[in-house]
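Each chain gets a letter, A, B and so on, in the order the sequences are listed, and its residues count up from 1.
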Amino acid sequence: MPMSKELPKAYEPQNYEDVIYKRWEDSGFFNPDVCVEKDVTDVNAKPFTIVLPPPNVTGTLHIGHAMMLAIEDLMTRYHRMKGDKTLWLPGTDHAAIATQTKVEKLLIEKGIKDPKKELGREKFLDEVNKFAQASHDTIVNQCKKMGSSLDWSREAFTLDEPRNLAVRTVFKKMYDDGLIYRGYRIVNWCPRCHSTLADDEVEHKDQIAKLYTFKYSKDFPIAIATTRPETKLGDTAVAVNSTDKRYAKYIGQEFVIKNFANGTDLKIKIIGDENVDVNFGTGAVGVTPAHSFADYEMYLKNNLELISVIDEDGKMTASAGKNYQGLPVKEARTKVVEHLVANGLLEKEEDVSNSLSICYRCGYAIEPIPSKQWFIDVNKKFALGDSKLNGIKTGQQVSLKDLMRQVVDSGQIEIIPERFSKTYSHWINNLRDWCISRQIWYGHQIPVWYCLMCMDKNNGIKEVLFHGENFDRTLVVGKRNSADPIVSVNQPDECPTCNCADRAKLIQDPDTLDTWFSSGLWTFSTLGWPEKTVDLQTFHPTSVLETGYDILFFWVARMVLMTTYVLGDIPFEKVYMHGLVRDEQGRKMSKSLGNVIDPLDSIAKYGADATRLSLLLGNTPGNDTRLSEEKIAGFRNFTNKLWNMARFIIANSKIKNQNSKLQLKIQNLTLADKWILSRLDATVKDVSENIENFQFSAAGEKLRDFTWSELADWYLEIAKIEGDKEEILQYILQTLLKLWHPFMPFVTEQIWSEMFGIDRMLMVESWPHLVIPTVVEESLNDFNTIQLIITTIRSARADNKIEPNKKIDATISAGAKEKLLIENSAIITGLARLEKLTIEKKAVKPENAVALVCGDMEIYLDLSGAVDIEKEKVRLTKEVEATEKFVTIMNNKLANAEFVNNAPPAVVEKEKQKLSDAQTKLEKLQTQLNNLK
RNA sequence: GGGCAAUUAGCUCAGUUGGUUAGAGCGUCUCGUUUACACCGAGAAGGUCAUAGGUUCGAAUCCUAUAUUGCCCACCA
């Protein structure tokens with residue numbers, strides 16, 4: 001492959017990106033089983049695994065996903081180059097409620113009024129699957145556009161057959177261990193989604209509500225306050241604090257209110273409860289066991305009656321009386337209030353702020369209603385099988401909560417940033433049993449069957465068994481004598497109780513599982529569990545789980561729960577949490593605000609590399625970050641800068657380096673060479689460390705600073721002056737491309753291929769190591785001296801408005817540094833644009849020269865009368881003042897015995913050096929100032 | 001109501017265990033078509049690190065209050 005020396009002047013990402021991705025993919029190197037011949041072959045290659053947090057198949061990826069992909073690809077590419085056996089495993093999530101809701105909406109827009117009813121379960125699911133497939137394809141394409149080096153051969157879906165088997169297997173195991181149970185209790189119900197929600201799927205929105213204070217009837221002795229008068233039709237008690245002198249005497253009494261609010265009769269028992277706040281409202285609470293979690297607790301404690309007055313559609317039930325039956329809650333509220341007013345029962349109506357519970361998927365108000373549902377018991381103790389958990393023995397009695405808490409407390413799982421560990425612990429402490437059944441069709445159907453034969457032989461107890469539109473809602477069946485349903489991984493052939501083998505009599509629970517049940521298994525279900533696969537053995541526990549802090553509870557905690565329970569092991573060693581991507585004003589990006597940055601647009605306009613950099617740099621772990629188009633454009637500029645640096649180096653290189661096994665000759669290096677190499681080494685070291693420590697932004701910033709401010713601004717310019725640098729420039733460029741590759745894979749790979757052809761891919765090159773055995777501290781200082789001289793002269797030129805093209809003469813009085821300056825005078829002359837440079841040991845000020853202080857040297861510039869003496873005086877005076885101030889501060893500091901005695905000697909020594917430097921400088925400045933006068 | 005965070009240059013943010021005369025990018029100003037790059041180069045201006053106390057030889061950094069902002073959790077009816 002001949003070297004192309006004519007690279008285009010500007011880097012145009014769209015000309016290369018797709019081609020490069022295809023080349024990567026075709027190479028097979030995304031798959032860790034495909035080996036690469038490495039310079040250093042590590043037979044014991046360490047596995048490094050990340051599972052991709054599966055994006056929901058509800059649509060397309062947003063910029064937050066792009067950030068996730070950028071960070072994970074960075075880690076993946078870094079570890080791959082380091083020689084680890086690196087797997088980044090892709091997949092998508094069926095996102096049950098979200099996807100079903102979305103498809104329903106789309107079908108309604110298409111003109112189907114009630115999609116579920118009109119299509120039926122099977123046809124409706126066909127529609128959902130079609131949508132999910134299309135969405136999946138878009139997502140995969142977007143991942144590729146971002147340059148994600150995912151191993152597509154292992155792709156998984158939370159609802160595919162292998163994952164379904166994992167779900168069924170875990171369900172059965174949990175049921176057998178007594179951790180899954182079916183119970184009748186208050187659940188969060190979304191009347192719009194027609195399903196239960198887990199506690200953490202409920203969001204809270206602050207609102208101003210009306211608080212009504214009233215009595216049930218004229219004869220009732222206690223007034224109560226409520227924001228939901230319509231629920232009072234289901235009240236069965238009034239709770240007061242037993243220490244409350246006003247009401248204590250009533251505790252234990254029962255009152256009957258005839259035809260409350262023209263609805264129904266109420267039987268109210270007065271109970272004492274310590275949780276009632278004497279100072280809020282009237283100090284008395286109407287207890288509605290069926291529609292309040294708190295009241296439900298009182299119901300259990302006090303053996304009250306439970307009357308359900310709101311149904312699954314958010315409408316009043318028959319129990320509320322026939323005047324209310326079928327009314328939406330808001331209308332019922334109005335009606336109750338009207339009654340209270342009309343009968344003089346309302347004592348007060350005031351505005352209070354409280355929080356409204358809403359569904360996190362659709363925003364609709366949640367109703368707490370009693371319902372029979374499946375739950376996971378998080379407090380029940382069970383014997384843990386094989387334990388690889390720190391501090392928990394095999395066979396030990398533990399609860400799921402114990403497991404979740406222990407692995408983080410013990411440090412076996414590290415959460416980054418650390419503060420999220422606290423949030424996590426707090427959440428676990430407040431965790432209640434997890435309601436896992438959902439009354440929707442899209443998802444893993446619960447692996448439970450009921451035998452109709454057994455149920456027919458009922459003992460007279462009736463209950464509504466199932467929910468759901470399509471299921472016969474009037475199906476009222478008896479409780480089986482044997483209370484246990486049939487829980488099985490696969491459809492049972494016969495009923496173990498009555499032995500009937502008629503499959504038609506065995507009906508499966510129509511409900512599906514919470515989507516997080518299946519995503520909780522993600523780290524091991526994707527690796528083939530419940531089969532004992534090589535993948536599972538090799539890649540589990542995974543190394544890092546990288547995700548947004550917004551799903552710490554939903555997902556991260558659930559994975560910890562499931563994995564510790566099922567495998568007795570942790571799902572991942574580290575959790576790295578990134579923040580949200582916001583717009584330039586700090587607002588959330590949303591379609592309605594029109595402030596969305598679509599990653600695909602950004603890639604099309606600025607390239608995938610620039611898009612990635614804008615998401616990787618300038619932020620810190622766990623903190624939200626603001627993104628603007630200007631920021632992305634800035635990084636586009638940088639990719640172009642790198643391109644042009646490479647263009648320059650390649651164009652000036654005579655070396656046809658086909659194998660890149662470049663042996664740098666460390667002898668015969670100039671000062672600048674030593675400097676840049678030691679800076680490069682330091683950069684390699686810093687960048688590696690930063691990446692290992694999850695400081696991706698810091699890593700990228702250091703790399704950028706090296707690339708732009710040191711390599712481009714200084715060394716490349718020096719290389720033009722000193723010449724004969726092909727070898728070292730090649731070395732630097734190659735190393736630099738490797739370092740940048742995890743951040744911006746496309747442009748680096750493209751440059752690499754311009755140098756070596758397409759047969760050798762940068763993606764699988766070895767991560768660079770250090771070349772200079774020891775850091776040459778002296779070289780660094782010496783080079784800094786040269787830099788300082790050049791900047792000082794440049795600055796003086798600018799201050800005195802010397803034309804950039806006009807060359808001037810300079811004399812440097814250098815003392816001990818004379819030799820150094822003579823050796824590097826070409827650099828100084830070139831970069832400071834000098835005609836003639838004279839270096840002397842002793843200061844002799846030429847005629848018409850302006851004098852500058854530069855460290856412990858003096859510089860005289862022949863500006864041929866261009867100097868503005870007055871301006872120069874002002875400048876010098878300012879500098880004298882600043883230096884004087886500093887000298888004073890340092891003098892005081894060093895005169896302070898306590899500082900000298902207490903501070904570490906190294907610090908004191910450093911301060912002394914600073915002072916003496918400053919004093920030398922001050923003397924010279926003052927002399928110069930005096931000379932001007 | 002409880003908890004967590006943030007408050008540093010005009011803007012966006014760094015500042016890793018207390019030892020800096022407090023940094024970067026963008027923006028601003030001045031100058032510039034030097035054959036890698038105007039998606040560029042050179043130079044410059046700009047901050048009493050929210051406020052008030054305290055600890056310390058030494059505080060942007062640790063502690064205590066206060067203010068403002070954001071987020072999370074929570075059954076005050």
Consider the side chain of [X], meaning its heavy atoms from C-beta on, and name the nucleotide among [options] that approaches it most closely.
X	options	value
A/Asp799	B/G43, B/C31, B/A36	B/G43
A/His426	B/A14, B/C37, B/C73	B/C73
A/Ser795	B/G43, B/C37, B/C76	B/G43
A/Lys641	B/C39, B/G19, B/C40	B/C40

Which word best sums up how the rings of A/Phe553 and A/Trp427 line up, parallel for under 30°, tilted for 30 to 60°, or perpendicular for over 60°? parallel
Once you round it to whole Å, what is the distance between P of B/G43 and CG of A/Leu831? 10 Å
Under 4.0 angstrom between [X] side-chain N/O and [N] OP1 or OP2:
X	N	answer
A/Asn637	B/C40	yes
A/Lys422	B/C73	no
A/Arg626	B/U12	yes
A/Arg419	B/A5	no
A/Thr620	B/A14	yes

Taking the side chain as C-beta and beyond, is there a heavy-atom pair between A/His578 and A/Thr625 under 4.5 Å? no
Donor-acceptor pair (no angle test) under 3.5 Å: A/Glu717 side chain, B/A36 base: yes
Is a donor-acceptor pair below 3.5 Å formed from side chain A/Lys720 to base B/A36, judging by atom type as modelled? yes
Using atom C1' in both nucleotides, what's the gap between B/U30 and B/A45 to the nearest angstrom? 10 Å
Give me the distance, rounded to whole Å, that separates B/A6 from B/A50 when you measure between the P atoms they each carry. 12 Å
Could you tell me whether A/Ala798 contacts a base, only the sugar-phosphate backbone, or nothing, with contacts defined as non-hydrogen atoms closer than 4.0 Å? sugar-phosphate
Which part of the nucleic acid, if any, lies within contact of A/Lys893, taking any heavy atom under 4.0 Å across all strands shown: a base, the sugar-phosphate backbone alone, or nothing? nothing
Pairing of A/Arg432 and A/Asp199 as salt bridge, 4.0 angstrom limit: yes
Considering only NZ, NE, NH1 and NH2 on the basic side and carboxylate oxygens on the acidic side, decide whether A/Glu879 and A/Lys921 come within less than 4.0 Å. yes
Using the six-membered base ring of B/C57, report whether A/Phe899 stacks on it, requiring centroids under 5.5 Å and planes under 30° apart. no
Provide the Watson-Crick or G-U wobble partner of B/U28, both distances under 3.5 Å; none if there is no partner. B/A44
